[in-house]
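Data first, discussion second: the structure below is written as structure tokens.
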Amino acid sequence: MSRGKAEIGHPFGRDLRVLAKTDFDRVHAARRSASDGLLVVSASRNSLSVSRLGLAVGRVVGNAVVRNRWKRWLREAFRLEQRELPSGLDLVVRPRPGVKGDFDAVRVSLRTLAQRLAKRR
RNA sequence: GGAGUGGGCGGGGCAGUCGCCGGCUUGCGGGCGGCUUUACGCUGUCGACAAGCGGGAGGAAAGUCCGGGCUCCGUAGGACAGGGUGGUCGAUAACGUCGACCGGCCGCGAGGUCAGGGAAAGUGCAACAGAAAGCAAACCGCCGCCGGUGAACGUUUCGGCGUUCGGCCGCGCGGUAAGGGUGAAACGGUGCGGUAAGAGCGCACCAGCGGCCGGGGUGACUCGGCCGGCUUGGUAAACCCCACCCGGAGCAAAGCCAAACAGAGGGAAGCGCGGAAUCGGCCGCGGCGGACCGGUUCGGUCCGUAGGGUUCGACUCUCGGGUAGGCUGCUGGAGGCGGCGGGCAACCGCCGUCCUAGAGGAAUGAUUGCCGCGUGUCGUCCACGGCACGCACAGAACCCGGCUUACAAGCCCACUCCCCGC
RNA sequence: CGGGGUGUAGCGCAGCCUGGAUUAGCGCGCUUGCUUGGGGUGCAAGAGGUCGUGGGUUCAAAUCCCGCCACCCCGA
């Protein structure tokens, strides 16, 4: 983990997010996913040169505070890892219900799952 | 010192780096409009980018249990239905909320708690037990009378008769509700009188109910006196009656702008020659009409071109409705804080001061250091220090007043009871 | 934002509206015994319940009323 090193210059705006319902439907229709004990990541090619992040955090995950914490962790992990991730993918990330987790584990899990999906293409 | 009652505060702090949301200012260059001019400038507006500045979740933001503002719809007035509330007076925009007071129950007390109107308006319900569960009735029992009968005594005209034994028997007639026992609950309690036995049958006191009079209080109610018949139980969070309250929907409300598709109405030119060919139609040239491109006249490209009528389609213009989408609603308000005044209080009035989130698949995160608090452990006990772990409940979605529920550590105020000392 | 429903034995349900002793019941499952060479089937007996939770009303609450918890469904 490159904790403490200069992690500057990782902007993360709305253009890097999956927001439209049609995009979510396309990712789900692709039926390509990878998972571990923490996360479930689905993916589909997009027409862009960069990858985008979509969040799917349902009510079974926890109350509003828990759900917000997951979404913030996932956004931050995507922001810091975006140069290590494969490009041109729409990634929809869903936390497994009931698990605790912490930020470092989320970061590692997101990177490995996304790379596994890119390899399996 | 111990035990307890009622209430309040609090919701980790500071600094650095990388990011997020929206706001303001400036810069850069781009689109559109206007002015002025011929090329710069001025100005408005919109979008993207960059920089700077300052802001960015709660006491419950939660549950969505009540009440209101606001918006649209409906509506002559009222009633019914349905729902809600339920001591009194007050507070309030309103409430099922709050305050003060009254009454019942609990507590030695500080205090706590109560959906706290009506059961002589009506209907219903009460298992089991019990004689009987609501209007009086009478199982055992008690008492009297009547009938039968036993013993003893007296008397005798020897058939009986009388008295006593609170004698015994009766599925005979009547009087009782004191006693027995059941139950959550049994038609007032105690005492005296009274009676064949008893009974509010009478009396005294007490409790309860009703009425009248007087004192206090706005009122709930309360204090005192007199009288009455002696009583008429419980349950309305059972139906119900009484009093009061409620039009419906909800910011995905609602308003504005407004693609595409569909709908309604309207519109220009609608010719000639030649070739193959029966016609339709196709091809070429010219004309005409329309659109587009370059642009000074003008040129080029593409499309249409019918004997007449009708229908359909295409193109184009206009129109209403208003979908996708966008904008508004969107945060300055029954607002916070301080002071003065009124009121026991809830709360109200006046003055001053402050501006404090506005997203829209939904913004607060990551990381580093120091400090704070708690627990554990180590250093020799203390003072202190090191290390490890932990620091709750929980995230605005139109706004506000309440209620309910969740919550780590810590702190404060008032009061009560017990023990000890002076 | 608004509306509705469910919670009872390991599982699926009844009872609730109209309160009580009807021992809170039914089916499957479970335990034990008999039957069989053994298993299944069959027969007999039995165990198993904070009626989601905390209060209230009532003599009495799974049932009536209020608060809370969990889950499910519907409308805009």
Side-chain angles (χ1 to χ4, degrees):
Chain A
M1 201 33 70
S2 59
R3 178 76 57 79
K5 285 204 289 187
E7 296 178 320
I8 60 173
H10 294 77
F12 180 43
R14 274 179 185 277
D15 50 338
L16 295 180
R17 300 281 307 282
V18 179
L19 299 176
K21 175 173 165 54
T22 54
D23 291 333
F24 275 91
D25 290 344
R26 187 164 42 77
V27 171
H28 288 135
R31 304 195 59 80
R32 198 168 57 206
S33 66
S35 64
D36 57 13
L38 209 61
L39 300 175
V40 180
V41 179
S42 303
S44 168
R45 290 212 64 83
N46 59 25
S47 53
L48 307 169
S49 61
V50 295
S51 285
R52 299 190 298 177
L53 174 70
L55 300 173
V57 184
R59 205 158 56 86
V60 289
V61 173
N63 60 27
V65 172
V66 174
R67 293 198 302 272
N68 277 338
R69 185 160 55 229
W70 272 104
K71 289 187 259 187
R72 286 161 180 161
W73 280 351
L74 289 169
R75 282 197 298 266
E76 182 70 8
F78 184 87
R79 181 179 77 87
L80 294 175
E81 294 288 335
Q82 55 184 301
R83 291 183 182 168
E84 309 297 322
L85 295 175
S87 60
L89 289 178
D90 279 348
L91 301 167
V92 173
V93 185
R94 174 199 327 276
R96 285 194 180 274
V99 299
K100 292 282 186 206
D102 62 278
F103 175 70
D104 289 337
V106 167
R107 192 172 170 178
V108 170
S109 176
L110 177 67
R111 184 178 55 203
T112 58
L113 290 175
Q115 288 171 349
R116 200 189 303 167
L117 279 168
K119 225 174 293 178
R120 215 172 55 188
R121 172 162 335 149

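Per chain, numbering begins at 1; letters A, B, ... match sequence-line order. Heavy atoms only: backbone and side chains are in, while hydrogens, waters and symmetry mates are out.
By the rule that a glycosidic angle within 90° of 0 means syn, C:U53 does not qualify and counts as anti. In this structure, C:A44 shows a glycosidic angle more than 90 degrees from zero, which is the anti conformation. In this structure B:G59 sits in the syn conformation; its chi angle is within 90° of 0. B:G272 has its base anti relative to the sugar, with a glycosidic angle deviating from 0 by more than 90°.
For the C1' atom pair drawn from B:C370 and B:C381, the interatomic distance equals 31 Å after rounding to whole Å. B:G67 and B:U404 have their C1' atoms separated by 15 Å, with the value rounded to a whole Å. Using P as the reference atom, B:G272 and B:A277 are 23 Å apart when rounded to the nearest Å. Comparing the C1' positions of C:C26 and C:C69 gives an interatomic distance of 30 Å, to the nearest angstrom. Comparing B:A357 with B:C337, their P atoms are spaced 15 Å from each other, to the whole Å.
Residues A:D36 and A:S109 have side chains that bring a donor and an acceptor to within less than 3.5 angstrom of each other.
Phosphate contact (OP1/OP2 of B:A366, side-chain N/O of A:W73, threshold under 4.0 Å): present. Within the 4.0 Å cut-off from OP1 or OP2 of B:A363, at least one side-chain nitrogen or oxygen of A:R75 is found.
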Could you go through nucleotides 390-397 of chain B and list every protein N or O atom that sits under 3.5 Å from one of its N or O atoms, giving the distance for each pair?
| from | atom 1 | to | atom 2 | distance (Å) |
| --- | --- | --- | --- | --- |
| B:G395 | OP2 | A:A64 | N | 3.4 |
| B:G395 | OP2 | A:V65 | N | 3.3 |
| B:G395 | N7 | A:R72 | NH1 | 3.4 |
| B:G395 | O6 | A:R72 | NH1 | 3.3 |

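Among the nucleotides B:A366, B:G365, B:A362, the one closest to the side chain of A:R79 is B:G365.
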